[in-house]
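Read the structure below first, then the notes.
Because the structure is a prediction, the values reported are computed rather than measured. Position 1 is the first residue of the sequence, and the numbers go up from there. All values below come from the heavy atoms of this structure, side chains included, with hydrogens, waters and symmetry mates left out.
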Amino acid sequence: MGRHEWNSTARRWRLTALLGVGLTALALVITLVNTLPGGRGSTAGTTPDGDKVHGTPVVPPGAPEPQVGWGFTHTQYSADEGGERAVERVRAELADQGRPVPQIQHIMGWGAGNPEPVKGRYDFSAMDRRMDFVRASEGTPVVTLCCAPDWMKGGEPGADNTDWSQQSLETAPERAHYKDFAKLAATVAKRYPDVRHFVVWNEFKGFWNDEQGRWDYEGYTELYNLVYKELKKVDEDIMVGGPYLVMNSVDPRQTEGVAKEPKGPWGRMDQRILDAFDHWNKHKAGADFVVVDGSSYTADDELIPDEFKATEKFTDVGKWVRERTGDLPLWWAEYYVEPGDSQDNRDDWSEAHRVAVQASGLMAMVRGGATSGFYWNPQKRGKKCAGCLWTSTELPDGGAELPMLELIERFGKEFGPGTTYEKVSVAVDDRSDVRVLADDEAVLVVNTLDRRISAKVDGRRLDMAGYEVKWLER
């Protein structure tokens with residue numbers, strides 16, 4: 001998800017998140033090319049036993065919980081590659097949390113290669129490496145079932161034919177191949193039996209109906225139901241969720257095409273998105289958790305009324321979703337609080353500013369009923385990396401924890417699944433300046449101003465620097 005747009009002609013894509021994957025595909029050309037009869041394409045680097053268990057997974061005992069807590073998503077560059085010492089620094093940091101840090105990996109793109117270049121022939125080499133890292137860092141692995149091999153969407157089969165362009169990758173499987181995609185999902189589940197949580201598809205990519213000017217929610221729901229049933233055949237305890245819709249909003253003054261609710265000073269919701277959600281919710285074969293994503297800013301990149309108050313959208317949208325899905329745990333698969341440029345870069349804010357608004361966003365998601373959320377890690381290889389979780393593992397001294405990782409780790413440790421939240425006293429004069437969230441053991445306080453303040457929170461006087469994020473013990 002870059003800047004989320006509902007119109008397929010206007011959507012922007014994380015191009016930088018996909019470029020590196022193409023190198024993996026090109027490398028296959030250098031290998032000995034084996035071609036199946038009938039022009040089915042190269043099978044170099046593939047194997048017919050994709051469902052063979054990879055490595056020595058440790059499957060947690062008992063049925064999994066549908067709530068996994070707060071974590072992040074692996075993207076093109078991550079800590080599974082780089083200098084040995086740098087990789088070890090990240091691994092050790094994640095493993096030293098006293099709790100598993102949830103980590104999402106997609107099956108194609110965002111660091112993973114084409115999982116099934118030819119029907120019945122698999123290549124999970126890149127994904128195996130990512131899963132090895134999640135296991136080594138003692139994380140909770142979560143898999144997003146996106147995207148689809150070329151032959152499922154009208155492209156050419158073959159290990160040397162993968163089209164990594166934006167247009168190709170965000171194309172949904174053809175309806176005739178929905179069952180093939182569901183079988184691929186089952187293959188992934190068998191290969192990684194320690195993965196107990198699966199998200200079906202990503203942001204309705206490829207499911208926009210140009211003729212009708214709306215989402216093809218019937219097509220997505222059909223695909224979702226087939227995948228859901230196949231995964232349950234593998235193991236009825238596997239947790240499955242969707243629909244992973246982008247909850248786009250527009251200026252609050254807009255009246256055409258908007259929903260009556262939810263709404264707020266932050267904006268109003270596009271009715272077509274809510275229609276798609278309601279259809280999936282009504283016709284789904286089942287779900288163990290519900291998944292959405294979105295940004296606090298509008299589709300036109302406006303932060304209304306300001307960057308901190310705009311995060312209230314996460315609360316209002318979360319409540320709307322929960323009213324319709326009842327007891328299903330709510331996940332935010334992605335969440336954004338800082339508009340990006342045309343290349344989806346977000347580096348205009350200072351890191352202190354960024355962390356403060358991100359912390360406010362996490363608080364807002366909790367108030368909307370969310371129990372799990374995943375930060376989209378914008379990891380890069382260079383020294384500069386705004387909002388990254390760790391310094392690049394390609395650097396000699398890389399792998400060092402950055403402020404965003406510190407926030408996510410602490411938030412997940414203090415406010416994990418099952419947390420009972422408590423009210424916090426804030427002096428009347430200070431309420432407009434700070435954001436707070438607390439349970440019986442910890443209080444998270446955020447200064448929303450870019451200057452020093454002295455605020456009374458939870459009966460204590462606090463001196464806080466501009467945009468400071470402070471944790472208090474109770």
Side-chain angles (χ1 to χ4, degrees), residues 1 60 62-71 73 100 102 104 140-146 182 185 189 195-204 207 215 217-218 220-248 259 261-262 269 273-294 313-335 361-374 412 415-421:
M1 167 181 153
E65 294 294 330
Q67 308 174 76
V68 295
W70 307 88
T73 296
I104 286 181
T140 297
V142 177
V143 166
T144 295
L145 296 166
C146 182
V195 177
R196 315 298 286 157
H197 302 84
F198 289 85
V199 180
V200 181
W201 208 243
N202 174 304
E203 297 184 338
F204 267 48
F207 284 100
W215 292 107
Y217 41 73
E218 297 94 342
Y220 170 80
T221 304
E222 182 179 345
L223 176 68
Y224 173 90
N225 287 343
L226 288 168
V227 171
Y228 177 89
K229 292 173 183 177
E230 282 296 319
L231 290 175
K232 293 295 185 178
K233 288 179 184 177
V234 175
D235 185 342
E236 63 180 8
D237 287 334
I238 284 177
M239 302 278 103
V240 186
Y244 202 156
L245 270 165
V246 184
M247 307 304 278
N248 267 349
E261 296 291 342
M269 293 296 299
I273 294 171
L274 305 190
D275 290 342
F277 184 91
D278 283 338
H279 180 89
W280 170 82
N281 191 41
K282 180 179 180 181
H283 298 282
K284 64 183 183 299
D288 299 293
F289 53 91
V290 60
V291 186
V292 297
D293 83 345
K313 171 184 173 179
F314 297 132
T315 299
D316 295 338
V317 171
K319 289 180 178 178
W320 183 90
V321 171
R322 293 278 290 164
E323 286 173 357
R324 282 152 181 77
T325 57
D327 294 333
L328 287 182
L330 171 59
W331 291 22
W332 284 87
E334 303 173 41
Y335 50 92
L362 289 168
M363 293 178 179
M365 283 184 271
V366 165
R367 293 192 179 97
T371 57
S372 302
F374 295 84
F415 303 132
T419 297
T420 299
Y421 296 95

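Contact record, A370 with W70: O-CZ2, 3.8 Å, taken as the closest heavy-atom pair. When all heavy atoms of C146 and N202 are compared, the pair lying nearest together is SG-CB, 3.7 Å. For the residue pair P329 and D288, the shortest heavy atom distance occurs at CD-O, 3.4 Å. The two atoms that bring W280 and G242 nearest to each other are CH2-O, 3.3 Å, heavy atoms only. Of all non-hydrogen atoms in A259 and L274, the two that sit nearest each other are CB-CD1, 3.4 Å.
Surrounding NZ of K232 are more than 12 heavy atoms belonging to other residues, nucleotides or ligands, all under 6.0 Å away.
With values rounded to the nearest 0.5 angstrom, E334 atom CD is found 3.5 Å from Y244 atom OH. Atom-to-atom distance recorded for K313:NZ and N248:CG is 6.0 Å, nearest 0.5 angstrom. Between the CZ atom in R196 and the CD1 atom in I238 there is a gap of 6.0 Å [rounded to 0.5 Å]. Summarising the geometry, atom CD belonging to Q67 is positioned 10.0 Å from atom CG belonging to L330; distances are rounded to the nearest 0.5 Å. Atoms CD1 and OG1, from I104 and T140 in turn, are 11.5 Å apart once rounded to the nearest 0.5 Å. With rounding to the nearest 0.5 Å, the separation of CG in N281 from CZ in R324 is 9.0 Å.
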Does the side-chain contact (heavy atoms from CB on, under 4.5 Å) test come out yes or no for L245 and E203, once each step is laid out? CA-CA 5 Å; L245 270 165; E203 297 184 338; over 6 Å; no
Apply side-chain contact (heavy atoms from CB on, under 4.5 Å) to the pair F198 and V227, showing each step before the final yes or no. CA-CA 10 Å; F198 289 85; V227 171; over 6 Å; no
Could you walk me through whether W332 and V321 pass the side-chain contact (heavy atoms from CB on, under 4.5 Å) check? CA-CA 11 Å; W332 284 87; V321 171; over 6 Å; no
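At least one donor-acceptor pair closer than 3.5 Å links the side chain of T419 to the backbone N or O of G416. A donor-acceptor contact shorter than 3.5 Å links the side chain of T315 to the backbone of A364.
You'll find the side chain of L231 stays beyond 4.5 Å of the side chain of M239, heavy atoms only. Using a 4.5 Å heavy-atom threshold, the side chains of F289 and T371 count as separate. Under the 4.5 Å side-chain criterion, counting only non-hydrogen atoms from C-beta, V200 is in contact with V240. Using a 4.5 Å heavy-atom threshold, the side chains of I273 and F204 count as separate. Between V291 and F374 there is no side-chain heavy-atom pair separated by less than 4.5 Å. Side-chain contact between Y335 and M365 is present, with heavy atoms from C-beta onward closer than 4.5 Å. P66 has its side chain out of reach of L328: every pair of non-hydrogen atoms, C-beta onward, lies at least 4.5 Å apart. Using a 4.5 Å heavy-atom cutoff, the side chains of F277 and V292 are in contact.
Annotation: salt bridge (Lys or Arg N to Asp or Glu O under 4.0 Å) contacts of E65 (sequence neighbours excluded): none.
Ring orientation note: the planes of W331 and H197 are tilted relative to one another, at an angle of 30° to 60°.
Across W215, Y217, Y224, Y220, a single residue satisfies side-chain contact (heavy atoms from CB on, under 4.5 Å) together with P243, and that is Y220.
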